[in-house]
Amino acid sequence: MQSTEERLSQCLTAVAERTTADQDWRRVVRAAHDRPQESAAPRILAYAAAIVFVLAAGALIVSRRSAPTRIDAVDSNQYVLPGETLVSVEPLTVTPAPAPLAQIDPNELGDEIVVEPLTQTDDKVQSLIASHVGTSPDRTITKVTLLGTIDGHAFVEVITDGPGTLAGRTDNLRDRWFIGPGGGSASGDFVDPDTTDFMGSAIDPSSSGPSYSTPVGDVVWNVRDETAIVTFESDDTRAWIRPVGGYAIFPTEFDTGERFTLRALDINGEVIDQTSVTTEDSTDSSIGPQIGDRFDRIEVTELDGNQFQIEPDGNPTVLLYGADWCAPCQAIQDQTLPLIETIDPNVSVLLVPTYTSPGETWNLGPEWDQPQIQIPTDLSGIQQVPTIIILDGNNTIVSVSIGVDGVIEALASLENLPTN
Amino acid sequence: MTSKKLVSLGGSDHAEVIGELYEREHLAMVRLAHLIIGARAVAEEIVHDSFVSLLERPNGIDNPGAYLRRTVVNGCASLGRRTAVGTAKLQVIADRDRHGSVALPPEIDETWAVLGSLKQRQRTALVLRYYEDLTVAEVAHSMDIRPGTAKSLIHRGLKALKKELETHAIN
């Protein structure tokens, strides 16, 4: 039976092979050169002034912090649409509420930075526009408005006019973008000002309804004040604040069982509402290797291509699934090595890099010299890492355990299994 | 992908390099964009705009092929970030594309339809990983995201795809 990956790959190839396109290089050249040729100097100054104003306003606003606000209780259930990954929804009582990272001075909101029409007639302007707004050469920027700031990022609304495209769309005359400190935020994404790591994207609830597409599913949340600030934070992630109009910024990675909190703040930075969601353990225990499954032999391929078989030779086999990208898997390094080192030498311990690129190893450190293998076909379907599978000497699965604690318990139980 | 250095905006060398790139990569990029957004006509426009942007770019580019792919992916992402109305329109175009194209074998047609129901970022990551055959690091670079995010998108995309395909099979 085909795996999902094989089926996907086959589908993509088949559709691609049926996709045709007419080349028209002249049209590209025409579009690139059919642009107004006019003096750029005033526009450079105007645009530079706009950027300087935006960044200065950002620095000023970030420096203003107001006192945390007290809220008593909220009924949050009405705000959440339980999806497949949402299980617990609980009201929070926070007294006092944590101070938001940045405050927005209402006097700054809506300030307009009116500039002369800008066109990409100059390298500097073109570069700025290309990196911030993504207009095509024949699109004119008519107005830039400061909507708010966040951690030194300016959030601006850009209004354009004329033919061509804004952010790749011909019908897109208005768009909202982040401009990072120093002017370096691409594609409207929000990046950490210190590390430049990607943090999240802005979405527009005014057109997609009062819902936020989050990493834990769609959260429907009717913020009472349309000018509310929405924050979205997890237990172990810093809060990111998005001012104005219910735009939300959210982290793009999360772990099972991680709790996310959404807060709405008014433009004075006071918490007016909040709710939380927790990602569920989505493991379906009926999928993947099961305790009691027995195999006459298991075909195994090491990452270097070497192949061998796990035979029912009377000695147990341990398969440890994990990956570098999985933080808990790295925790195994210190916590389980002492257990691994005391395992009977007749027991085979195999490391199985999971959800990694082909051939990519799981780097646990020099003390770990166990063979690293591709996921065996017979033992595929692992849904979470770290996972440990233990086969007894008859090649029967006697343990399938998930998580660091599960791995440690399973390794500790090994001493009860007979060896030759 | 070429790694030839581009030297100047609008210069003849620059235009020549981009022209060669166009001849070599245009169809591949249209296919890539089509797989990501599901609508061939829109894909062609995104690729067109990407080449215009490349031709207009003022500074040298070390790897125009990779830059082009990133621009195309960004173009698709910008489209995907648009409003629900925009998404709905895109779906109409995609459906029209689908019904107007050569018939696909049932299993592939079903996979293609399910793929279209995934979130755009998941679909993009899956296409880059399983069609373009990029490494996770390359997927991350193409999408301007962190490798961990790319892995997460691929993993969750595959999981969602598998689940939907199983649901279809049951029905």
Side-chain angles (χ1 to χ4, degrees), chain A residues 4-5 7-25 27-29 31-33 120 123-124 126-127 130 134 136-137 165 167-170 172 186-189 197-198 201-204 206-209 213 215 252-254 282 323 325 355-358 360 383, chain B residues 9-10 15 19 22-23 26-27 30-31 34-35 40 44-49 51-53 55-59 74-75 77-79 81-86 101-102 104-105 107-108 111-112 115 119 126-127 130-131 135-137 144-149 151-152 154-155 158-159 161-162 165:
Chain A
T4 307
E5 292 94 328
R7 192 168 167 182
L8 171 62
S9 182
Q10 190 180 46
C11 164
L12 293 172
T13 303
V15 173
E17 285 175 351
R18 286 166 171 78
T19 303
T20 58
D22 296 326
Q23 291 198 347
D24 191 353
W25 173 241
R27 182 172 164 239
V28 174
V29 175
H33 290 282
Q120 298 180 54
D123 287 0
K124 177 73 174 174
Q126 183 182 12
S127 175
S136 64
T165 57
R169 284 198 314 151
T170 55
N172 188 27
S187 306
D189 292 332
D197 283 347
F198 174 80
S201 296
I203 56 172
D204 185 356
S206 65
S207 54
S208 59
S213 177
T252 54
E253 293 178 59
F254 64 98
S282 56
W325 56 264
Y355 304 128
T356 55
S357 301
E360 186 179 341
Q383 299 171 69
Chain B
L9 171 64
Y22 184 89
E23 195 169 328
H26 177 262
L27 177 58
V30 171
R31 286 175 168 174
H34 182 200
L35 293 176
R40 190 188 60 80
E44 280 196 273
E45 282 309 301
I46 288 173
V47 173
H48 167 79
D49 289 344
F51 273 103
V52 171
S53 166
L55 195 57
E56 288 292 328
R57 190 168 170 84
N59 302 318
N74 277 342
S78 295
L79 203 65
R81 266 202 293 268
R82 299 304 131 198
T83 66
V85 174
S101 62
V102 179
L104 295 164
E107 189 175 79
I108 290 175
T111 308
W112 178 238
L115 189 67
K119 292 177 180 175
L126 290 180
V127 169
Y130 292 100
Y131 174 69
T135 64
V136 171
D144 197 16
I145 57 179
R146 288 176 288 173
T149 307
K151 279 179 181 171
S152 175
I154 292 167
H155 168 50
L158 270 181
K159 191 174 172 183
L161 187 66
K162 185 177 181 182
L165 287 173

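Residue numbers start from 1 in every chain, and the chains themselves are labelled A, B, ... in the order their sequence lines are given, proteins ahead of strands.
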_Could you tell me if the side chain of B:L126 sits less than 4.5 Å from the side chain of A:L12, heavy atoms only?_
no
*Would you call B:Y130 and A:T4 a side-chain contact if the rule is heavy atoms closer than 4.5 Å?*
no
*asked:* Less than 4.5 Å to any heavy atom of chain A: does that hold for the side chain of B:L158, its backbone, both, or neither?
replied: both
*Which atoms of B:E23 approach chain A - backbone, side chain, both or neither, heavy atom under 4.5 Å*: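 For B:E23, heavy atoms of backbone and side chain both lie under 4.5 Å from chain A.
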_Closest non-hydrogen atom pair, B:L27 against A:A21_ =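 Taking every non-hydrogen atom into account, CD1-N, 3.8 Å.
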*Compare every heavy atom of B:R31 with every heavy atom of A:T19, then report the nearest pair and how far apart it is.*
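For A:T19 and B:R31, the tightest heavy-atom pair comes out as O-NE, 3.1 Å.
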*Nearest-0.5 Å distance that lies between atom CG in A:L8 and atom NZ in B:K162*: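 Reported to 0.5 Å precision, the distance equals 13.5 Å.
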_Point-to-point distance, once rounded to the nearest 0.5 Å, from CG of B:L115 to CZ of A:R7_ = 11.5 Å
*What is the ring orientation for B:F51 with A:W25, classed by angle as parallel under 30°, tilted 30 to 60°, or perpendicular over 60°?*
perpendicular
